[in-house]
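Computed from a predicted structure; not experimentally measured.
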Amino acid sequence: MNRLQKANDYIQANKHNVQSRPIYHFSPEIGWMNDPNGFVYYKGKYHLFYQYYPYDITWNDMHWGHATTENFIDWEHLPVALANDKAYDANGCFSGSAIEKDGKLYLMYTGHIDPNMGFDRDEPEIAERQCVAISEDGVQFEKYQLNPVIGEKQLPEGYLICDFRDPKIVEADGVYYCVLSVRNTQRRGEIIMFKSEDLLEWTFHSSIYQSKFEDNTLLECPDLFRIDDKDVLLFSEMPCDPEFAEEIQNKTAYVIGQMDFEKGMFTPESKGLLDYGQTFYAPQSTEGKEGERLLIGWMHRWHETAPPKEYGFNGMMSLPRKLDVKDGQLIQQPFIETDTYFSSIIADQHVQLANGEELKFEGKPTGYMQVRIPTTSGNFEINLNKSGGKSTTVEVDIENNTLSLTSDYGNQGEIKVETLSSSLKDEILLELYLDLHSVELFLNSGEKVISFTAYDTDKGTDVLFGGTGGQVPRPASFHLVYRD
């Protein structure tokens, strides 16, 4: 039996054993999932591929899982699209992207070869090369006979084939360009670009972005797209070597600027973080049905506490986010029909809580909350998944202009951001999406986003609002919309 058929048969035979999957965040039917891949709108549906190992809840030989949706709430799981069944991808079909050409769907992915499977990293033996698979229907894929299409012959001197991955294809003026992550001989990250006329024959074009040597970072999962008159480059940052693991936090950044495709030059203008939480990584974007730029990311981190093995799955995707550029900043807003999907419990109720007063909602582990806080309010906090003395706590400190998220669940530290807004002068706007194992918090209409995940089995099911006084005791004042 081939590896693709084996994976699909295993899923069908064992998926009924999986439990406690998220209610409305995408997750695999069974097994391990990480990076979103091949995110594309094709033949009337959004297709999402993803790094996948169906046989366990830990990372191993990477396949490409596959699902489609029309609304990002209801998903159809399709057969596994790719398995590591060729000599050039023997140890994994790593991350990549999708693009439509002449009605066909082309996948470009990284074929990974590592005889030691990463347990004893011997870089001279590791090779990562770019490969293509093609489909007439978007479901069944044939790997290109002349794979890999980008390897040592196309990669210039000064770069290491052991860390050369994550192709994202874009089209500009009838020419295809591919941005890729690579480690240079200084052992730091760069994003380089190749070009092609047909998606099969590729030549090196340029280096468009380099990390600074002193930053000690490797760049992964690049993405490049245009919004209005600006070009946006995304990438995830990780330590360039294990010795920097304690000082470099994995995170996802964006750079806004201008891309000259003909010259192969990207000119940065501003930089920021996509997400201030610690569980949002390797996102990928696509052009939506109406021309929107949509983004989805992996809500997990490599060293996060794993779910209980009996859950049978590990990993979930963020909600899709609609992207816009405003005043040199990337704005992200949830792209689901919130009003349609969630039933209203409270609509625009004004609440005032003095120091020590509480407002409690029992048995609400999932739902949507919108909280509008006047800047004249006193401080307050929201306890999510409240159970006894444990919760995930969002604290709004009006006096010091900060919002912080801490939790008694999971293994993440405090997350703190400023609440100042460039668009909202008289109030602070919080939108919280609560699911069984996650919180996504959008601050001030998407000017900042915080993602949080925890798989603890003892999480509570209550939500509690409380006034906390602050330096100058004032009642906490806010307008609340709650939907379940």
Side-chain angles (χ1 to χ4, degrees), residues 35-42 49 94-102 104-111 128-134 144 146-156 158-159 161 163-184 189-211 219-236 253-269 282-287 291 293-295 323 325:
D35 304 2
N37 299 152
F39 185 31
V40 66
Y41 186 74
Y42 176 70
F49 302 84
F94 276 21
S95 293
S97 59
I99 192 167
E100 182 179 356
K101 178 180 180 291
D102 300 329
K104 300 178 182 180
L105 191 60
Y106 285 69
L107 307 183
M108 180 179 274
Y109 68 97
T110 297
E128 295 186 330
R129 305 177 179 96
Q130 316 318 314
C131 308
V132 169
I134 306 169
Y144 181 50
L146 298 182
N147 276 337
V149 296
I150 307 177
E152 291 91 337
K153 292 181 180 179
Q154 294 81 14
L155 186 64
Y159 300 112
I161 197 74
D163 284 300
F164 175 46
R165 57 182 175 270
D166 309 333
K168 178 63 190 289
I169 303 174
V170 297
E171 183 271 333
D173 298 325
V175 179
Y176 297 101
Y177 297 88
C178 177
V179 288
L180 280 146
S181 163
V182 69
R183 186 196 296 268
N184 59 37
E190 285 192 37
I191 297 172
I192 57 179
M193 177 177 279
F194 289 75
K195 65 184 297 186
S196 173
E197 299 291 334
D198 62 0
L199 297 175
L200 301 175
E201 297 284 339
W202 293 88
T203 57
F204 178 78
H205 192 41
S206 64
S207 173
I208 66 169
Y209 193 86
Q210 308 82 36
S211 64
L219 309 180
E220 294 192 296
C221 304
D223 200 346
L224 179 65
F225 51 86
R226 191 164 183 84
I227 298 179
D228 297 329
D229 61 347
K230 297 294 183 181
D231 293 297
V232 182
L233 179 65
L234 308 183
F235 47 84
S236 296
Y254 68 83
V255 181
I256 298 171
Q258 294 292 335
M259 181 71 217
D260 187 325
F261 282 96
E262 186 174 345
K263 295 180 180 179
M265 293 178 57
F266 180 78
T267 304
E269 297 173 359
Q284 190 167 105
S285 78
T286 190
E287 182 177 304
R293 179 54 52 172
L294 304 180
L295 183 78
L323 305 182
V325 173

CG-OG distance between L224 and S97, expressed to the nearest 0.5 angstrom: 11.5 Å
Kindly list each side-chain donor-acceptor pair under 3.5 angstrom involving residues 192-199, sequence neighbours excluded, with atom names and distances?
unit_1: S196; atom_1: OG; unit_2: D198; atom_2: N; d: 3.1
unit_1: S196; atom_1: OG; unit_2: D198; atom_2: OD1; d: 3.2
unit_1: S196; atom_1: OG; unit_2: L199; atom_2: N; d: 2.9
unit_1: S196; atom_1: OG; unit_2: E201; atom_2: O; d: 2.8
unit_1: D198; atom_1: OD1; unit_2: L200; atom_2: N; d: 2.9
unit_1: D198; atom_1: OD1; unit_2: E201; atom_2: N; d: 2.9

Beyond-backbone contact of Y159 with S207, side-chain heavy atoms, under 4.5 angstrom: yes
Kindly check if the number of other-residue, nucleotide or ligand heavy atoms within 6.0 Å of NZ (K101) is above 12? yes
So how far is it from K263 NZ to I208 CD1, rounded to the nearest 0.5 Å? 15.5 Å
Got K230 and E269 here, is their nearest side-chain heavy-atom distance under 4.5 Å? yes
What pair of heavy atoms forms the shortest contact from Q130 to E128, and how long is it? NE2-O, 4.0 Å
In short, P283 meets L295 closest at the heavy-atom pair CB-CD1, 3.7 Å
Using side-chain heavy atoms (C-beta onward) and a distance below 4.5 Å, is R293 in contact with R226? no
Within the side chain of Q284, is there an N or O that forms a donor-acceptor pair under 3.5 Å with the backbone of D223? no
Within a strict 4.5 Å, meaning less than it, do heavy atoms of the Y42 and T286 side chains meet? no
Under 3.5 Å, which donor-acceptor pairs link side chains of residues 173-180 to any protein atom two or more places apart or in another chain?
none

Before you tell me yes or no, could you show the steps for F225 and L234 under side-chain contact (heavy atoms from CB on, under 4.5 Å), namely the whole-Å CA-CA distance, both residues' side-chain angles and the distance that decides it to 0.1 Å? CA-CA 9 Å; F225 51 86; L234 308 183; 3.7 Å; yes
Of all the heavy-atom pairs spanning G38 and F49, show the shortest one and how long it is. O-CD1, 3.2 Å
A quick test of your reading: do over 12 heavy atoms of other residues, nucleotides or ligands sit less than 6.0 Å from CD of E262? no
Taking NZ, NE, NH1 and NH2 as the nitrogens, is one of them in R165 or D163 under 4.0 Å from a carboxylate oxygen of the other? yes
Can you find a heavy atom in the side chain of E100 that is under 4.5 Å from one in the side chain of V40? no
Euclidean distance, M108 CE relative to N147 CG, rounded to 0.5 Å: 8.5 Å
How close do A98 and L107 get, counting heavy atoms only, and between which atoms? CB-CD2, 3.6 Å
Does I150 reach the side chain of F164, with side-chain heavy atoms less than 4.5 Å apart? yes
Whether S236 side chain and C221 backbone form a donor-acceptor pair below 3.5 Å: no
Any side-chain heavy-atom pair from F266 and I191 closer than 4.5 angstrom? no
How long is the span from the CG atom in D231 to the OG1 atom in T267, to the nearest 0.5 Å? 9.5 Å
Test item: V325 and V232 side chains (from C-beta on) under 4.5 Å apart, heavy atoms: yes
Residue of the set S95, S181, P167 for which side chain to side chain contact (heavy atoms under 4.5 Å, CB included) holds with T110: P167
Q258 side-chain N/O to D229 backbone N/O, donor-acceptor pair under 3.5 Å: yes
Give, for atom CD of E190 and atom CG of N184, the distance between the pair rounded to the nearest 0.5 Å. 4.5 Å
